[in-house]
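Written below as structure tokens is the structure these notes are about.
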2 protein chains.
Amino acid sequence: MTSTAEPRWLNDEERQAWMAMAGIVFALPAALDAQLQRDAGITHFEYTVLAALSEAPDRRLRMSYLAQLANGSLSRLSHVVKRLERQGWVERTPDPQDGRFTVAQLTEAGWDKIVATAPGHVEAVRELVLDPLTRAQVKQLREIGLRITGGLGLDIPRRS
Amino acid sequence: MTSTAEPRWLNDEERQAWMAMAGIVFALPAALDAQLQRDAGITHFEYTVLAALSEAPDRRLRMSYLAQLANGSLSRLSHVVKRLERQGWVERTPDPQDGRFTVAQLTEAGWDKIVATAPGHVEAVRELVLDPLTRAQVKQLREIGLRITGGLGLDIPRRS
DNA sequence: GCTCATGAGTTGAAGCGTCAACTCATTACT
DNA sequence: AGTAATGAGTTGACGCTTCAACTCATGAGC
């Protein structure tokens, strides 16, 4: 990809587009993290884990599949679920079908937590991302996002 | 911002646009960090610091101003510059004009480092962000980015 | 001149993510 | 049956970021 010197710098149009994108990539995760931290005291990754569990059948998932849904490593998930378990929001048990798997189960308290947290987070997404755009731009954003993510490793898109 | 339950969920178009954006925000920083780590052994923040210094008059800047340019806290910058100093890429001296300030000076080795690193990073930005898009989409992206970043705290856009 | 307020910068502790090493259950092979 | 291979999950160490507490130089007010 980068063996020797390439002189292909960015022109004005490209530089402006890139700076705008860099601004988003820098500020948007920070803003969403801040909202969740302030209103719910959890990280965005913890939110994603709880949300994924809340939508699963019986509100339970195997750790390895949950890690895929949440776009994180199994190690990261293991650390996080340990914290969530300490909070009483998730419980871990070995899978009866196959002892190699661990099943993460959302508790009643965990369900209450995600139910209380989700509307505010969706509202933040709407305010920060969707509301500033016209309907046409929302469509354009979808196309642009698909093209860019297509060039990276594919992603399993999940809910807000 | 979020006091009680709001029922304003996302429709299909909005959800798809948001998922595309979430994919970018998740994967793009990871991909750019990985490129820099692999090709230069530095983080994206370290790259931004070196790049900002390389473009400053005399290749030197006050820490506090450098922190603004790099979009980071002074504390974070202090830790990072300590590492960069250990590598021999930056030197710190008290500002002769005002002893409260510290001036970070890019060394010759630091200059060589950023000169060697920048083309590959710009190339990665081009490959991952610009190349997948049509010219029209590049323009749309700029507008979309400006609108979204406008709704967040403003940013001092800086070079690639 | 002295004291105090201000703000730049540093430092160390704590939290989170990554990486590599490890355990363990199951399956495949002989 | 016995052994090795595989892959899920956990763990601990390390690195980076944040936060709060601290030092220190300067300027303002008396």
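By convention in this document, chain letters (A, B, ...) are assigned in the order of the sequence lines, proteins followed by strands, and residues within each chain are numbered from 1. We use all heavy atoms of the structure for the numbers below, so side chains are in, but hydrogens, waters and symmetry mates are not.
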**Asked** Who passes side chain to side chain donor-acceptor pair (under 3.5 Å) against B:Glu143, sequence neighbours left out?
**Response**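 With neighbours one apart ignored, the set is empty.
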**Complete:** Sorted by chain and residue number, the side chain to side chain donor-acceptor pair (under 3.5 Å) partners of B:Arg142 (sequence neighbours excluded) come out as A:Gln16
Report all side-chain donor-acceptor pairs from residues 109-118 of chain A shorter than 3.5 Å, counting only partners two or more places apart or in another chain.
residue: A:Lys113; atom: NZ; partner: A:Ala40; partner atom: O; Å: 2.8
residue: A:Thr117; atom: OG1; partner: A:Lys113; partner atom: O; Å: 2.7

**Request:** Output every pair passing salt bridge (charged side-chain N to carboxylate O under 4.0 Å, His left out) with a member in residues 61-82 of chain A, not counting sequence neighbours, ordered by first then second residue.
**Result:**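 Counting only pairs at least two positions apart or across chains, the salt bridge (charged side-chain N to carboxylate O under 4.0 Å, His left out) contacts touching residues 61-82 of chain A are A:Arg62-A:Asp95.
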Rounded to the Å, how far apart are [X] [atom1] and [N] [atom2]?
X: B:Gln37; N: D:dG15; atom1: CD; atom2: C1'; value: 10 Å
X: A:Ile42; N: C:dG15; atom1: CD1; atom2: P; value: 18 Å
X: A:Leu77; N: C:dC16; atom1: CG; atom2: P; value: 14 Å
X: A:Leu74; N: C:dT23; atom1: CG; atom2: P; value: 18 Å
X: B:Asp33; N: C:dG17; atom1: CG; atom2: P; value: 15 Å
X: B:Met63; N: C:dT11; atom1: CE; atom2: P; value: 10 Å

Please tabulate, for side-chain N and O atoms in residues 96-103 of chain A, each donor-acceptor pair with protein atoms closer than 3.5 Å (sequence neighbours left out).
residue: A:Asp98; atom: OD1; partner: A:Arg100; partner atom: N; Å: 3.0
residue: A:Asp98; atom: OD1; partner: A:Arg100; partner atom: NE; Å: 3.2
residue: A:Asp98; atom: OD2; partner: A:Arg100; partner atom: NH2; Å: 2.9

**Item:** Residues in contact with DNA chain C, drawn from residues 86-106 of chain A - heavy-atom cutoff 4.0 Å
**Value:**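 Close to the strand are A:Asp98, A:Gly99, A:Arg100.
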**Request:** State which residues pass side chain to side chain contact (heavy atoms under 4.5 Å, CB included) with A:Gln37; sequence neighbours excluded, sorted by chain then number.
**Result:**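 Testing A:Gln37 for side chain to side chain contact (heavy atoms under 4.5 Å, CB included), a comparison that skips the adjacent residues, returns A:Thr43.
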**Request:** Could you list the residues that satisfy side chain to side chain contact (heavy atoms under 4.5 Å, CB included) with B:Glu91, not counting sequence neighbours?
**Result:** B:Thr107
**Request:** Name the nucleic acid region contacted by A:Ser64, choosing base, sugar-phosphate or nothing; use a 4.0 angstrom heavy-atom cut-off, strictly under.
**Result:**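 Result for A:Ser64 = sugar-phosphate.
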**Request:** For nucleotides 16-22 of chain D, just jot down a letter per nucleotide in 5' to 3' order: B, S or -, based on protein non-hydrogen atoms under 4.0 Å.
**Result:** SSBB---
**N or O in side chain of B:Lys82 less than 4.0 angstrom from C:dG9 OP1/OP2** =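 B:Lys82 to C:dG9 OP1/OP2: no side-chain N or O under 4.0 Å.
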